Structures are given as C-alpha cells and as structure tokens.
Amino acid sequence: MSTVLFGTVEYYEREIIDHLGNYKGRGSHREDVTSRIISMLENEIFNAYLLDENARIQCFQNLIKAFCMISEKTF
C-alpha cells in the first residue's frame, strides 16, 4: 500500500472509499451518506490548523475533484 499525502486528490479518494465502505449495508440513503462524509472531510480541512488559507482552498478543491471521480465510478 502506497502512502498518500494529506490533502491530495488521492488522499480524499481513499478517505471517501473507506467511509463509503463503513456505511455499506446499513440501509442509509446514498445522498445522506455522501453528505455526511463530505461534511466530515470539510471539517477535517477546517480544523487542520497547520494549513494556511491557500492550502485549505487547495484541499477543498481536491476534495471536490475526488468526490466527482468517485461519483462517476460508483453512482
């Protein structure tokens, strides 16, 4: 397993996939699950106090890219 850096598209892809796996089979609606996952990851970015504003913006953009890539594959 390769290491991915926090905030990269690959990092968020892995996080989304991992969290989707946690909800699989629980009967939750896909929209509710994805909303919870994205919200959790947004909070993670917001609470990463070591990041400056430009880094936060880049992380949010990467999160959106990752979500779009996952959505195309799974939804």
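This is a predicted model, so every value here is computed, not measured. Computation of the quantities below employed the complete heavy-atom set of this structure, encompassing side-chain atoms and omitting hydrogens, waters and symmetry-equivalent molecules.
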Notebook entry, point to check: With sequence neighbours left out, what residues match N43 under side-chain contact (heavy atoms from CB on, under 4.5 Å)?
Noted result: S39, N47
Next item on the list: Any chance you could measure E15, atom CD, to M40, atom CE, to the nearest 0.5 Å?
Entry: 6.0 Å
Notebook entry, point to check: In Å and rounded to the nearest 0.5 Å, what is the CG to OG1 distance from L20 to T34?
Noted result: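 The distance works out to 7.5 Å.
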Side-chain donor-acceptor pairs of residues 56-65 under 3.5 Å, sequence neighbours excluded:
{"residue": "R56", "atom": "NE", "partner": "I45", "partner atom": "O", "Å": "3.4"}
{"residue": "R56", "atom": "NH1", "partner": "L51", "partner atom": "O", "Å": "3.3"}
{"residue": "R56", "atom": "NH2", "partner": "F46", "partner atom": "O", "Å": "3.3"}
{"residue": "R56", "atom": "NH2", "partner": "A48", "partner atom": "O", "Å": "3.2"}
{"residue": "Q58", "atom": "NE2", "partner": "N62", "partner atom": "OD1", "Å": "3.2"}
{"residue": "N62", "atom": "ND2", "partner": "G7", "partner atom": "O", "Å": "2.7"}
{"residue": "N62", "atom": "ND2", "partner": "Q58", "partner atom": "O", "Å": "3.4"}

Next item on the list: Sequence neighbours left out, what passes side chain to side chain donor-acceptor pair (under 3.5 Å) with E44? Give chain and number order.
Entry: Y11
